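Nothing here was measured: the structure is a model prediction, and the numbers come from that model. Just so it is clear: chains get the letters A, B, ... in the order the sequence lines come, proteins before strands, and each one is counted from 1.
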2 protein chains.
Amino acid sequence: MSTESPATRDRILDTAERLFGQQGFSCTSLRQITDEAGVNLASVNYHFGSKEELYKGVLIRRLRPINEERIKLLTQAEQLADEQPVPIRSILETFIRPLLRHATAGSAGGIAFLRLISRDLTDPQPFMTAEMVREIDPLIERYTKVLTKTLPGIPLAELFWRMQFTVGGILYAAAHQRDFERISCGLCRGDDLEGCLRRLIDFCTAGLEAPLSDFAGRLATQSGSDAGPVHP
Amino acid sequence: MSTESPATRDRILDTAERLFGQQGFSCTSLRQITDEAGVNLASVNYHFGSKEELYKGVLIRRLRPINEERIKLLTQAEQLADEQPVPIRSILETFIRPLLRHATAGSAGGIAFLRLISRDLTDPQPFMTAEMVREIDPLIERYTKVLTKTLPGIPLAELFWRMQFTVGGILYAAAHQRDFERISCGLCRGDDLEGCLRRLIDFCTAGLEAPLSDFAGRLATQSGSDAGPVHP
DNA sequence: GTCTATAGTCTGATAGAC
DNA sequence: GTCTATCAGACTATAGAC
């Protein structure tokens with residue numbers, strides 16, 4: 001009823017988001033979460049039922065609004081394009097910006113959620129997979145449709161590969177900020193999210209609309225099925 | 001002395017590579033490794049001393065030959081270019097091909113090592129970090145030099161970002177083959193490593209030599225330091 | 001709703017026989 | 001070198017007082 005101080009439930013969620021992102025699900029004990037959140041150990045099982053349900057709660061809390069905003073922005077971009085193909089740069093921005101925005105808007109601050117989502121995609125928790133598929137599949141369908149319209153010359157299989165590379169670039173860049181500053185000798189700031197967004201869009205736009213190399217061109221003339229392993 | 005059957009040591013390494021790649025370091029118990037390898041629990045500590053040393057052994061076993069081959073191929077490409085800039089496609093190929101080749105040549109077969117290296121870069125084990133830096137830093141220096149020569153118009157900071165995206169695309173694509181087949185409705189084959197290599201080169205070549213957008217162009221006129229966070 | 005106390009399980013590591 | 005047996009510690013989850 002009263003909302004005077006951060007509720008136990010939210011303190012747990014914020015702390016769990018940070019620790020799961022830093023250390024992963026199985027390396028983070030409930031004891032560590034409750035200690036750092038300043039709540040009792042048993043309160044996790046009271047509020048969430050189990051460690052796994054807590055993990056689901058942490059992910060869904062941000063993923064759902066992010067994906068809703070993506071769809072909203074993409075719809076706006078389509079209306080703005082007025083039946084014409086939506087520019088790639090706009091498509092990419094509707095995909096990336098909500099992620100970076102919500103990820104940094106958390107009460108825990110910083111990029112805890114970016115690390116977490118990157119980690120969960122690289123290292124999925126089995127009990128979470130079904131939930132993730134339900135969140136992500138409609139998104140894939142929607143983006144595939146709009147990208148196909150904008151890039152009619154790129155075969156669908158090729159487009160899937162390039163979308164895969166795009167997502168990889170986004171998540172890897174987002175999750176490796178600390179190493180990145182070291183590798184670049186401080187030249188690049190990992191926490192420069194707005195700069196990261198623009199550079200990602202530059203890079204991925206060029207990659208998505210890249211000319212097809214000879215081999216890919218040959219594929220494009222085929223009926224649609226992808227080729228198997230080829231060793232020229 | 002005799003090499004008649006796969007030695008205990010190698011059976012442990014192969015099994016550990018597969019399980020660490022699938023489940024991660026801390027989710028994989030020594031008991032599971034020894035059970036599946038068909039060796040005794042105590043043999044791990046006899047041959048490697050500890051679980052952590054086993055993990056190091058698994059990674060270094062493949063990473064060292066891969067990086068040695070990268071440097072060798074890059075040197076060859078430079079000699080072939082004869083003082084001229086090495087084409088980006090060639091540079092990328094020297095970086096990616098040894099990874100895909102060694103990763104699939106293991107006696108465990110398949111892509112176990114690709115998953116493992118991707119996982120370790122996303123979720124580094126603290127005891128492994130120093131070793132990884134020692135393996136990777138000379139490589140970064142070498143590739144930065146040759147890329148700078150080929151792409152003189154791209155500021156160094158911008159180049160670092162793009163290399164980051166490139167590595168992300170490579171590792172993400174390599175580590176998500178199963179999901180990838182599902183997402184593309186079977187259209188793309190995740191185990192098509194040669195096709196993956198060529199598509200990565202297409203995508204990343206375009207990304208690396210992409211024209212600088214307005215904001216990046218403004219950066220390029222500055223003295224060399226990267227800009228801080230900008231929120232236009 | 002919040003706490004203490006603890007049950008029950010699994011872990012990495014090692015001692016010591018062979 | 002390879003085994004069995006076992007230790008000491010950490011974990012999740014829950015029972016039950018308040």
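Distances were taken from every side-chain heavy atom of Asn40(B) (C-beta onward) to each of dA13(C), dT4(D), dT2(C); the shortest belongs to dT4(D). Considering only side-chain atoms of Ala42(A), the nucleotide from dT2(D), dA13(C), dT4(C) that sits closest is dT4(C). Minimum atom distance to the side chain of Tyr46(A) is reached by dT2(C), of the listed dT2(C), dG12(C), dC3(C). Here dT11(C) is the nucleotide among dT11(C), dT2(D), dT2(C) with the atom lying nearest to any side-chain atom of Arg31(B). In this structure, of dT2(D), dT14(C), dA13(D), it is dT14(C) that holds the atom nearest to the side chain of Asn45(B).
If you check the side chains of Tyr46(A) and Asn40(A), you find no donor sitting under 3.5 Å from an acceptor. Side-chain atoms of Arg70(B) and Thr75(B) form no donor-acceptor pair, as typed in the model, at a separation below 3.5 Å. Between the side chains of Tyr55(B) and Ser50(B), not a single donor N or O lies within less than 3.5 Å of an accepting N or O.
Counting non-hydrogen atoms under 4.0 angstrom, Thr28(B) reaches the backbone sugars and phosphates but no base. Using a 4.0 Å heavy-atom distance criterion, Ser29(A) is classed as a sugar-phosphate-only contact.
We find that CG of Leu54(A) is positioned 14 Å from C1' of dA13(D), with the value rounded to whole Å. In this structure, the CZ atom of Phe20(B) is 12 Å from the C1' atom of dG12(C), given to the nearest Å. One interatomic measurement links the two molecules: CG of Leu30(A) to P of dT6(C), which rounds to 20 Å at whole-angstrom precision. The NZ atom of Lys51(B) sits 15 Å away from the P atom of dT14(C) (whole-angstrom rounding). dT2(D) atom P lies 12 Å from atom CZ of Arg9(B), rounded to whole Å. Between the CD atom of Glu52(B) and the P atom of dT11(C) there is a distance of 17 Å, rounded to whole Å.
Put simply, His47(A) has no side-chain N or O that comes within less than 4.0 Å of OP1 or OP2 on dG1(C). An OP1 or OP2 oxygen of dG1(D) is reached within less than 4.0 angstrom by no side-chain nitrogen or oxygen of Ser43(B). The side chain of Ser50(B) places no N or O atom within less than 4.0 Å of a non-bridging phosphate oxygen (OP1 or OP2) of dG12(C).
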inquiry  = Could you walk me through whether Arg18(B) and Gln23(B) satisfy the side-chain contact (heavy atoms from CB on, under 4.5 Å) test, starting with their C-alpha distance in whole Å, then the side-chain angles of each, then the deciding distance to 0.1 Å, before giving a yes or no?
reply    = CA-CA 9 Å; Arg18(B) 178 168 50 84; Gln23(B) 310 170 345; over 6 Å; no
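For the pair Arg198(B) and Asp202(B), the tightest heavy-atom approach, listed with the atom from each and the gap, is NH1-OD2, 2.8 Å.
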